[in-house]
Every structure is written in C-alpha cells, then in structure tokens.
Visitor: 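Quick one: the structure is below, questions incoming.
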Amino acid sequence: MGRYVIRRLLQMVPVFIGTTLLIFVMVYALGDPVAAMFGDRAPDPATAAQIRHNLYLDHPLWQQYLHYMQGIFSGDFGTAFDGQPVTQLMSSAFPVTLRLTLVAFAIEGIIGIALGLLAGMRRGRFADTGVLGFTLLMISIPVFVTGYLLQYFVAVKWQLANPAVADGAPFGDLILPGIVLAGVSLAYVARLTRTSVAENARADYIRTAVAKGMPRRRVISAHLLRNSLIPVVTFLGTDIGNLMAGAVVTERIFNVKGVGFQLYQGILRQNPPTVVGFVTILVLVFLAANLLVDLLYAVLDPRIRYA
Amino acid sequence: MPETTNSPVADQVPTPVEAVAAAAAPEQRDAPRSLWNDAWHDLRRKPVFYISSLLILFLIAISLWPSLITSTSPYACDLGKSQMGPANGHPFGFDTQGCDVYARTVYGARASVAVGIFTTLGATILGSVLGGLAGFYGGWWDAILSRISDIFFGIPILLGGVVFLSVIKGGSITTVVTFMVLLGWPQIARIARGAVITAKQQDYVQAARALGASSSRMLLRHIAPNALAPVIVVATIALGTYISLEATLSFLGVGLKPPTVSWGIDISQASTMIRNAPHMLLWPAGALSVTVLAFIMLGDAVRDALDPKLR
C-alpha cells in the first residue's frame, strides 16, 4: 500500500508540472499582462519596462516559470489587480466554493445513486424509463440554462429560496445553486449506477444471498450496492475537480463570491497571478481526488490489493 | 464482436427480415452482415433514431439556409421595440436591442451546429490518428502521448477554455473550434488507443501479419474498420457536449463574440432581464437544449446499435 501511494505520488509530479506549465504559458506568453494593466491606453515604455522588471517578466519564460513555482512553494502566489495578495483572495474564496461543492456533491451522490438503484432494480419498467428520460434531459440542458430557469421559477416567481447567496454562504442559500451545479453529474451518476446495478443484480452471489434467506434490505446494501458502486466512486472522485471548475458558471448566476467569481475577475482584468494561482490549486485538488479514488478501491473491493 | 457470432454459415439461411433487406439491396445478398450493416439494421427500427435524425437534418438545413424559415434579418433592430412581446410577424417578440428574437434564434443555429460538427471532425481525426498510432506501435511514442493526454485531463475543459480563449481574444468560429479540438482530442485518442490495442491482438490481425502484410495494410484494412466503432460512439455523444460547451463559453463572454449570432451570447444578454422579459431567454435556451438533446439522443441510439454487449 505504502509503495503504491509513493508510486502514484511520483506519477503526479510530471502531470502537475505539465498542467501548470501549460496554463502558465497560455497566460504569460500568449497574453501581455503589462499592456492589460493599462487598458486601452498605450503604456509609457519606461514605466512598462520598470513594471516588467518588478514582476520578473524581463526574464526568459522558463526562468519566469521556475521563479513562479519557487514562490508557490514558499506560499507566495503574487498580487492581484487591486494589490491584495492572491493568497488572501484564496482564503476568502475557497471555503465558500468548498461549501458549494460539498452541497452539490451530497446531492449528486445521494439522489444520483438512489435514482440509479431504483432504475436498475426495475429495469425496463416505468420507473426505469422515467429515470432515463429525466437524466437525458438533465444532460442535454446546459447548466446555465437550468440555473436561470430554476432561479427564475423557484426563487423569483414562487419565492421558495433566495435568488442570490448571502455573504458567508449559509448552507440554506446554497441548496439551489448546489442542485444546479450537481445537475449534469447527477444524471451521469444515476445512469452509471443503473447499468452497474442491473448487471450485478443477475450475479450468482445475489441469487445465493437471496436463496439463503437474507433479508432483501441487507442483500441490496451489503451485496448489490457495494459491488455496484465501484465505477460510481471513480466517477464521483474525478468529478470533484469538474464541480469546482463548473462553479465558474453557477457562482456567476447566483452571485456567490467563491473561486469561480475570483477566477472570472482575474480573467476579465487579465491578472495572471490570480488566474494561474487559482488554476494551480484546482489542478492539485483534481489530482488529489483521483489519488483518493484509487485508494478507496481497496476499501470498497477487498479483491483489489496494492503491492 | 459480431464478426465472430455472425458466422457466414448462419447467415446463409436468411430470416424473412433479412430476405426483404437482401431483396432491397441485391449486392449484399452473399456477404455476411458486417457490424455496420447490423448496426444500421438495428437503428432503422428505432423511433428515437428517426426523431433525432430529422431534427438534426432540420438544424443543418436552417444553419445552411436560415432564410428558409425566416425573412427577417437578425441585425435589423429597432430600439423602439426593445423587450416587447410577440407581435404580428414577430412570433417570439423582441430583445433589448429591439431585434427579432425569432430571427436571432433561427440564425443562432449556424454557430452551434458549425462548432459542434467541425470540433467533432477535428478532434476525431486528430485523436484517432494519434491514439491509433500510439496503440499500434506502442513504445516511446505511446508513453509520450499518454503523458500528454494525462496533462490535458488534469485541466477541466471549461477552466482551460476560459483561460485560453480569454487570452486569445478571437471570438470567431475558427478560434473556438481550434481551441476545442485542442482540448477535446485526448478523450478520443484514449478510446482509439484502447480499441486499436484490442483489435491488434485479434486472430485475423495475427494471420495478416503471418501472411506478410505490411503495417499500413494491417492498420487500414484490418484494424481501422474494427476499431472505428467505439470512436464513432464517443464522437457522436461528444458532439452534443461540444455544442453545450460552446454555448457556455459564449455565455461567459469568452467564446463567440458579436457580430456572430450565438444562442450563448443571446442567453447571456437576456439573463439580466429575466424578470421583465423572460421570453428573450426562453426561446434561445429552448433551441439550444433541443439541439443538444437531438445530438445526445442520436449518440445514445448509435451506441446501442454499435455496442453488441448491450443487446
């Protein structure tokens, strides 16, 4: 187990370097951060050169990247457009997005697996067709459309929830954005669970469990679900990164001041430290979630052993 | 694999359905039904296939010739009619600029369909060539390609899109398609690589190798036709998600930009006015959802037909 973890951690290193380098090159080499500071006016050459020097931009790109990485590992993510350190933006934004992601993740996991189990157990019947049709709709309607429709009908017309999230992001306000954020993934989870459950329900060990008189509830929870959830857990794990990235859209609709909001501001104002910093953290979260999933396999499936 | 289950002997006794099909297409009478014939046969019995294909044909037709169903220009706007509801000759009403929402919804199909189709074509060609060669030759080329696709997988596609497109500042269909191909090919490459590795180990490929067939002949004649099915399945479903992604990027203000007419842009502009004039949002949003739905339904039907395990 320990050796496996070390091997996986080592494999993550080139991917981490590659992704951050890719984002770094996109932002620093393809755009011009200094020109962006001056908006439409042309900057004074001497001032521009001074700023370039201060921001370490007068070095070759690979040195800039190394310099930036050095800063990150000592906790210095640079300065945002309004002079605040990027780390300060992060400490206010990440807790908010984390709460939103948690709410979405819970909705996605619980409702998705429940719908999938229902459909898989009643394959070909009304409940199954209903779940399939519902998930097809969820996958087809883009997130920002569901977002505005739910905001308009649930919050504005029927007044069942707040249309925007208050400062501090209380959990009550996050339910509606959470549903919107979870929507598409929920549909995938339901479909994946359905296929998996339908396959496993015909397995010999289920027939054995039923034949020896085990209560139905226990057959489902101890045998059927545990075996069916392995592909679902894989999906859920890789989806954490997508949820946090997808928050760019959801946070904009519901006015949540989280990662998506800060990232979007950074992009609008072309502030490279904000963009690269937030994306770097998101990539790390994504990689860590993938590792966690691989380790969870051993817990869910005793047949899998890591040497 | 249907090639192994459909032995030629079994196919020489035509069932009534096959007899009819064979009479309709006499040149196929002697050939055993291939995976493709089989899939086509399966698709033709599905209402979902007909509904989604008709919808897609209709969408392609109006993206090529929008004037077929509207005579109003999407750029002919009258500020005096800002946010007004349906009027005579303007069934969907007007947007904030006083443009005809019906005309803009019809003209918006072009951007979505073009981005969807060209991105899918580009990503499929690039992905299946690179992934296929990696699977066939293995070795260092495979190792490098796998690491590169790991890197692209590490960046959530929406995030990469927002960062990249905001820097490029293109806003034309070509820019958006180029970027989406760049981020989309690794998904197809992985599928193609896996399919080629599976096909490479089949007996008929080993037989071809033993008979002295060249690499290119093995790849083109034996492996490609058999590895294509999973790639086509993934590509068809991806088409719908590409359209959805383009709309999301345009909605965020980094994808397509005016004067291109796009549902994403129109929805973004209508979103601030949703309390006063919901019709400005509902029509383009409905059109977008139906379009994505049509492509995903087609993808589902094609997958069911091409994946023999599900039968």
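As a basis for the values below, the full set of heavy atoms in this structure was taken, side chains included, without hydrogen atoms, waters or symmetry mates. Chain A is the first sequence line, chain B the second, and so forth, proteins listed ahead of strands; every chain is numbered from 1.
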Visitor: Within the structure provided, determine whether A:Phe235 and A:Glu108 are in side-chain contact (heavy-atom separation under 4.5 Å).
Guide: yes

Visitor: Out of B:Gly160, B:Gly240, B:Ala247, return the one with the most heavy atom pairs under 4.5 angstrom to chain A.
Guide: B:Ala247

Visitor: Please classify the contact between B:Leu293 and chain A as side chain, backbone, both or neither, with a heavy-atom cut-off of under 4.5 Å.
Guide: both

Visitor: Just checking, is any N or O donor in the side chain of A:Thr97 or A:Glu251 under 3.5 Å from an acceptor N or O on the other one?
Guide: yes

Visitor: Are side-chain heavy atoms of A:Leu132 and A:Arg194 found at a separation under 4.5 Å?
Guide: yes

Visitor: Of all of A:Val275, A:Leu22, A:Ile253, which one pairs up most often with chain B through heavy atoms under 4.5 Å apart?
Guide: A:Leu22

Visitor: Counting only heavy atoms closer than 4.5 Å, note whether A:Val15 contacts chain B via side chain, backbone, both or neither.
Guide: both

Visitor: Which bit of B:Leu281 is near chain A, if near means a heavy-atom gap under 4.5 Å: side chain, backbone, both or neither?
Guide: side chain

Visitor: Calculate, to the nearest 0.5 Å, the distance between atoms CG and CG belonging to A:Asp239 and A:Leu186 respectively.
Guide: 10.5 Å

Visitor: With side chains defined as the heavy atoms from C-beta onward, is the minimum distance between A:Met244 and A:Leu98 less than 4.5 Å?
Guide: yes

Visitor: Go through the atoms of A:Leu263 and report whether side chain, backbone, both or neither lie under 4.5 Å from a heavy atom of chain B.
Guide: side chain

Visitor: Out of B:Val162, B:Ile157, B:Ile148, return the one with the most heavy atom pairs under 4.5 angstrom to chain A.
Guide: B:Val162

Visitor: Is B:Phe152 in contact with chain A via its backbone, its side chain, both, or neither, using a 4.5 Å heavy-atom distance?
Guide: side chain

Visitor: Which one, A:Leu136, A:Val283, A:Ile139, leads in non-hydrogen pairs under 4.5 Å with chain B?
Guide: A:Leu136

Visitor: Under 4.5 Å from any heavy atom of chain A, what part of B:Thr291 do you find: side chain, backbone, both or neither?
Guide: neither

Visitor: So do B:Thr248 and B:Leu158 actually touch side chain to side chain, heavy atoms under 4.5 Å?
Guide: yes

Visitor: Between B:Ile151, B:Ile243, B:Val292, B:Val254, who has the most heavy-atom pairs with chain A when the cutoff is under 4.5 Å?
Guide: B:Ile151

Visitor: Parallel, tilted or perpendicular for A:Tyr65 and A:Phe24, by the 30°/60° rule?
Guide: perpendicular

Visitor: Against chain B, label A:Ile17 side chain, backbone, both or neither, depending on which of its atoms sit under 4.5 Å from a heavy atom there.
Guide: neither

Visitor: Examine whether an atom of A:Phe278 lies under 4.5 Å from a heavy atom of chain B, and if so say whether it belongs to the side chain, the backbone or both; otherwise answer neither.
Guide: neither

Visitor: Do the charged groups of A:Arg125 and A:Asp128 touch, with an N to O distance under 4.0 Å?
Guide: no

Visitor: Would you tell me whether B:Ser250 and B:Glu246 have side-chain atoms, one donor and one acceptor, within less than 3.5 Å of each other?
Guide: yes

Visitor: Which bit of A:Tyr148 comes within less than 4.5 Å of chain B, counting heavy atoms only: side chain, backbone, both or neither?
Guide: both

